[in-house]
There are 2 protein chains.
Amino acid sequence: MDLSPVAEDYLKAIYHLEDEYGRSVRTTEISEELDVTSPTVTSMLDSLDERGLVDYTPYQGVELTDRGEEIVLQLVRNHRLLETFLMEYLDYSWSTVHDEADRLEHHVSDEFTRRLARFLGEPATDPHGDPIPDADLRMPDESPYTPLTEYEPGDNVTVEQVPHRDPDVREYLSQHRIGPGTRLVVDEVSPIDLVTVVPSSTDTSVALPTHVARRIGARAVTK
Amino acid sequence: MDLSPVAEDYLKAIYHLEDEYGRSVRTTEISEELDVTSPTVTSMLDSLDERGLVDYTPYQGVELTDRGEEIVLQLVRNHRLLETFLMEYLDYSWSTVHDEADRLEHHVSDEFTRRLARFLGEPATDPHGDPIPDADLRMPDESPYTPLTEYEPGDNVTVEQVPHRDPDVREYLSQHRIGPGTRLVVDEVSPIDLVTVVPSSTDTSVALPTHVARRIGARAVTK
DNA sequence: AGATGGATTTAGACCAGGCTAATTATTCTC
DNA sequence: GAGAATAATTAGCCTGGTCTAAATCCATCT
Ligand SMILES: [Mn+2]
Ligand SMILES: [Mn+2]
Ligand SMILES: [Mn+2]
Ligand SMILES: [Mn+2]
């Protein structure tokens, strides 16, 4: 299967959207995720379906096939190992590393990734706290982190996992000094889709909408 | 200037051919180098000329402009730093490293290359003995190595620079255990375009056509 | 100087991946 | 259950990069 970077990005988008919504994915969702028009998506879905990488039912939605998912898992492995390398050896910050990896993931060979994984010591998690599929593309077990939304006011936690694909979310968190390793106290978990936290480095309260807080993984600090 | 990898490869081909023949480059030469047909080359030359990256006179030939050369030098810098990393840290062999670098060179950012150069200690030469342009794209001075063709029978030398872009040449040298660091004795420099050498590791004489021997750089071993 | 052959360009086609405008399905609302 | 609103697809066009076949240029040789 010789796939263009463009086609690979459609598969990745479908993967992430399936994961986010837990159901088959709509044309519009892909078109928004990738910033292309919906007719463009339709024609790519036709072509991916022909190649057996997705199951696509017009007007109904699309899902990855096993072969499609395998391709995505290899890309995710490439991506997360690259991010690990870029941060640990080239001193990229967690908020700048994604774009570089998102391009390179399509262009490194499997051989490269094998060797890089060995060089890095076969890590199971990347610096954003996300799991890295192993050489057989098995995803490590559930991450042991608890979403910020499940803590109580007053809880003292260390951030371990940070959503970073969306540039706006990334920028906001980075601006407010919330990243991997940040210590913070949960201030308020409001029923109107808001969590407020106080990073110990700043003493300033930071408001987080639930959809962001839910994706921040943290570990309780045992005093 | 937002250039496709394909366009970049045309510029690189022109650069290497100019270097090899010391004159402007013909359509056919590019078409052989890149394995595309000559009409394809003609149309790409039109487009590169319009963008000011080459000077192209139909039926006469083509040369890089300063802007074109700058782009190539950045690619060469990317390429040689990548090869250095791949060999020194990921244990690629000198004969397998080129293809990976030849793809990646088009996809790493300038930021990546700056950081990689720092990580590697700002090397001036790659593991094939080729000079690496510095951050301002200045090529280091002439390599201090002497082509194998200029030695005399009986001379004892260490190979420092090895041509490796042509897969056939690369395969031949690798097969006969001639690579960076190889010690060998010059056996015969024949007027019929042939140099024979004996690598000290094998004791078997290896014949090299002049066009290959000329590109092998070596240093005399002082006994 | 003219004829010829090889190199080169022009003409016309195709595919991937985009777009806009128009059409058709599906879903929502009353 | 009909009409309106929304989502999705189809139709048709464009660009970049490729090809083959046809036309043209130019260097060389007599
Ligand atoms: Mn990422
Ligand atoms: Mn990507
Ligand atoms: Mn190389
Ligand atoms: Mn290349």
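Each chain gets a letter, A, B and so on, in the order its sequence line appears, and its residues count up from 1. Values in this document were obtained by computation on a predicted structure and should not be read as measured data.
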Rounded to whole Å, CG of B:Asp46 lies from P of C:dT9 at a distance of 8 Å
Taking every heavy atom of B:Arg170 against every heavy atom of B:His164, the minimum-distance pair comes out as NE-O, 2.9 Å
Which pair of non-hydrogen atoms, one from A:Pro180 and one from A:Pro127, has the smallest distance, and what is that distance?
CG-O, 3.3 Å
Could you tell me how far apart B:Glu8 (CD) and D:dG17 (P) are, to the nearest whole angstrom?
11 Å
Grab the CG-C1' distance between A:Leu48 and C:dA16 for me, whole Å please.
12 Å
Check the distance between C:dA16's C1' and A:Leu45's CG and give it to me in whole angstrom.
15 Å
For the side chain of A:Thr42, counting heavy atoms from C-beta on, which of C:dG18, C:dT10, D:dT10 is nearest?
D:dT10
Phosphate-side-chain proximity, B:Thr37 and D:dC19, N/O vs OP1/OP2 below 4.0 Å:
yes
If I take atom CE in residue A:Met44 and atom P in nucleotide C:dC19, what distance separates them, rounded to the nearest angstrom?
11 Å
Counting only side-chain N and O atoms of A:Ser47, is one of them less than 4.0 Å from OP1 or OP2 of C:dG17?
no
Integer-rounded Å distance: C:dG17 P and A:Ile30 CD1
15 Å
Heavy-atom closest pair, residues B:Arg26 and B:Gln60:
NH1-O, 3.9 Å
Round to the nearest Å and state the distance from A:Arg26 atom CZ to C:dT27 atom C1'.
10 Å
Out of D:dT10, C:dG17, D:dC26, which has the shortest distance to the side chain of B:Gln60?
D:dC26
Under 4.0 Å, counting only non-hydrogen atoms across every strand here, what does B:Pro39 touch: a base, just sugar-phosphate, or nothing?
base
Would you indicate, yes or no, if C:dT9 has its OP1 or OP2 atom less than 4.0 angstrom from a side-chain nitrogen or oxygen of B:Thr27?
yes
Ring-plane angle category for A:Tyr89 and B:Phe119, please: parallel below 30°, perpendicular beyond 60°, tilted otherwise.
perpendicular
Checking side-chain polar atoms at under 3.5 Å, does A:Glu33 have a donor or acceptor matched by the opposite partner on A:His16?
no
Phosphate-side-chain proximity, B:Ser43 and C:dT9, N/O vs OP1/OP2 below 4.0 Å:
no
Presence of A:Thr40 side-chain N/O under 4.0 Å of C:dC19 phosphate oxygens OP1/OP2:
yes
Tell me: OH of B:Tyr59 to C1' of D:dT24, nearest whole Å?
5 Å
